[in-house]
Protein chains: 2
Amino acid sequence: MNSQADALQAPGDSTENGAQQIRDALREAIVERRLSPGTKLSESDVGSLFNVSRTLARAALQALSYEGLVSVEKNRGAFVAYPSLDEARQIFAARRLVEPGILRSAAERITPAQLKHLRQLLIEEGRLMSERGQSARRAEIKASGDFHLMLASISGNLIMQRFMEELVARSSLVIALYGQSSASSCGHAEHGDIITALERKDIDTACHLMLHHIAHIEADLDLRERKSFGLKEAFER
Amino acid sequence: MNSQADALQAPGDSTENGAQQIRDALREAIVERRLSPGTKLSESDVGSLFNVSRTLARAALQALSYEGLVSVEKNRGAFVAYPSLDEARQIFAARRLVEPGILRSAAERITPAQLKHLRQLLIEEGRLMSERGQSARRAEIKASGDFHLMLASISGNLIMQRFMEELVARSSLVIALYGQSSASSCGHAEHGDIITALERKDIDTACHLMLHHIAHIEADLDLRERKSFGLKEAFER
DNA sequence: TAAAGTCAGATCGTATACAATTCTCTGCAT
DNA sequence: ATGCAGAGAATTGTATACGATCTGACTTTA
């Protein structure tokens, strides 16, 4: 199932196991939007939730803050990150900058088996789309990101892979905040088109489609400056 | 002087101050090669060196491990990272993938003042090259990286900027390990060429030069597989 | 003599304890 | 009623304590 969940663990990243598990659990909760941006994550609460001391909870929160999923404010605590409009734009700018290159690398190295695996991922994604219910929705969000992550994995560059993990995770936060269309199924078809181009070894088209795809996701966001209603306007009516 | 040292601090990164200072001090030492790859960094030693408890030392080491500058092995301790050949290649592959895009972004937004600033940086770099002594060597290493970092800063994308910081820092480790030419002055002239192209708004040439520049740095490395003499061969002769 | 077993020292993993800071609520003065 | 001040609670920052694991040397035994 989540075949890449393990593969994404950097091999040299053999820090202690306790904090890591908590970090992963929290990250999953954030990415799947069970935790909303801005939610306070107090060290004691996290600790008691996972039955560990504040020490480990704190370490996990610190780790997530390096990934940009949690923002810790000195002497105030940790919160699920609440990306600003600027951050949101920068996250997608980074993806536009990086993903074509990753795709190009991946296209050069991809094996038939990996192509098949990609197709399977796509099918799974489609299946989830047609299913209803909270848990299917969450799985769909994850699957949608996994497509991009799998490409990064195929590219064979662990560093870019880790970077993409960060970008995809943060994108999920941005979509949670600024997404408009209820259909989080952003561009399932486009994923398929990219795979098809990949099968044809048509790298340039694939890259072009990828850029288009990212733009498409971004277009579904409401990234306009909200001039934050001056309190009066917010309540009148 | 180090005008970008401050600018590079992510604004939201307001974690506690204690561990951060230690982390920065250690990073500087690693990047300037006062600490060699493989050096053991025990929590107690780091702590007593900075007159803090193991708690903070540990936090700093964890942070550096997220940046790839330190590798912590479970129950064994932390060491200055010792990038493998694969890692080294991936670091430079990532730079080739990312830097042209950053440069393009930077070229679109660069102001005359920033161009001037870049020129100044270049001059400073040249001055350090002609100076002798350990401390000048260290400053030169830093200055050489700062050129790339400054471009990332100009690009206006904090996320890419942070990523470049990581890549430049890790590059320094790779060069320390696999660099051949005693002249660490890798491509000072090329920096100048890129600036010149930038002044002419000749973005394509600038990108091309950048790629060439990175390739040039990489070419000065000895990234050949060393089949690590099987102990017997190492001594028979 | 060489291999295996054992023990002490060092180092890390985690929990707990105490200090410092921030937040909130109450009470008083204006 | 508003605004300020201060006490108390809650939360984070840092240090210390204790158990777990690894390492290396010494001893034992075949």
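We name chains A, B, ... by the order of the sequence lines, and we start the count at 1 in each one.
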Participant: Please pick, from D:dA15, C:dT14, D:dT11, the nucleotide with the shortest atom-to-atom distance to any side-chain atom of A:Ser53.
Facilitator: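 My answer, after comparing the listed nucleotides, is C:dT14.
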Participant: Working to the nearest 0.5 angstrom, can you tell me the gap between B:Arg96 CZ and B:Ile91 CD1?
Facilitator: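 Result: 12.0 Å between the selected atoms.
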Participant: Between atom CZ in A:Phe79 and atom C1' in C:dC23, what is the gap in whole Å?
Facilitator: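 Rounded to the whole Å, the gap is 12 Å.
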Participant: Could you check which of D:dA15, C:dA15, C:dC12 has an atom nearest any side-chain atom of A:Thr55?
Facilitator: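 Out of D:dA15, C:dA15, C:dC12, the nucleotide with an atom closest to A:Thr55's side chain is C:dA15.
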Participant: Keeping A:Gln114 on the side-chain end and A:Thr111 on the backbone end, is there a donor-acceptor pair under 3.5 Å?
Facilitator: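 It does hold such a pair.
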Participant: Could you check how far CG of B:Leu56 sits from P of C:dG13, rounded to whole Å?
Facilitator: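 It is 16 Å, rounded to the nearest whole Å.
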Participant: Using 4.0 Å as the upper bound for N to carboxylate O, is an ion pair formed by A:Arg137 and A:Glu32?
Facilitator: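 Result for this pair is no, no salt bridge flagged.
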Participant: Figure out the CG/C1' separation between A:Leu61 and D:dG13, and round it to whole Å.
Facilitator: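 That distance rounds to 14 Å.
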Participant: Could you check how far CD of A:Glu43 sits from P of C:dT16, rounded to whole Å?
Facilitator: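 Whole-Å distance recorded here is 15 Å.
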Participant: Stepwise, does the side chain to side chain contact (heavy atoms under 4.5 Å, CB included) test hold for A:Val31 with A:Val168?
Facilitator: CA-CA 9 Å; A:Val31 170; A:Val168 167; over 6 Å; no
Participant: Distances under 3.5 Å between protein N/O atoms and the N/O atoms of nucleotides 18-22 of chain C, please, pair by pair.
Facilitator:
residue : atom : partner : partner atom : Å
C:dT21  : O3'  : A:Asn75 : ND2          : 3.3

Participant: Between C:dT11 atom P and B:Leu41 atom CG, what is the distance in whole Å?
Facilitator: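 In whole Å, C:dT11 P lies 13 Å from B:Leu41 CG.
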Participant: Under the side chain to side chain contact (heavy atoms under 4.5 Å, CB included) test against A:His213, which residue among A:Arg95, A:His148, A:Glu99 passes?
Facilitator: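 So, applying the side chain to side chain contact (heavy atoms under 4.5 Å, CB included) to A:His213 and each of A:Arg95, A:His148, A:Glu99, only A:His148 qualifies.
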Participant: Whole Å only: how far is the CD atom of B:Gln21 from the C1' atom of D:dG13?
Facilitator: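 Rounded to whole Å, this separation is 14 Å.
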Participant: To the nearest Å, how far apart are A:Lys40 NZ and D:dT11 C1'?
Facilitator: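 Rounded to the whole Å, the gap is 6 Å.
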Participant: Could B:Arg23 and B:Glu67 be called an ion pair, given the rule that one side-chain N must be under 4.0 Å from one carboxylate O?
Facilitator: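 Salt bridge flag = yes for B:Glu67 with B:Arg23.
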Participant: Please give, in whole Å, the distance from C:dG13 P to B:Gln62 CD?
Facilitator: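 Result: 8 Å.
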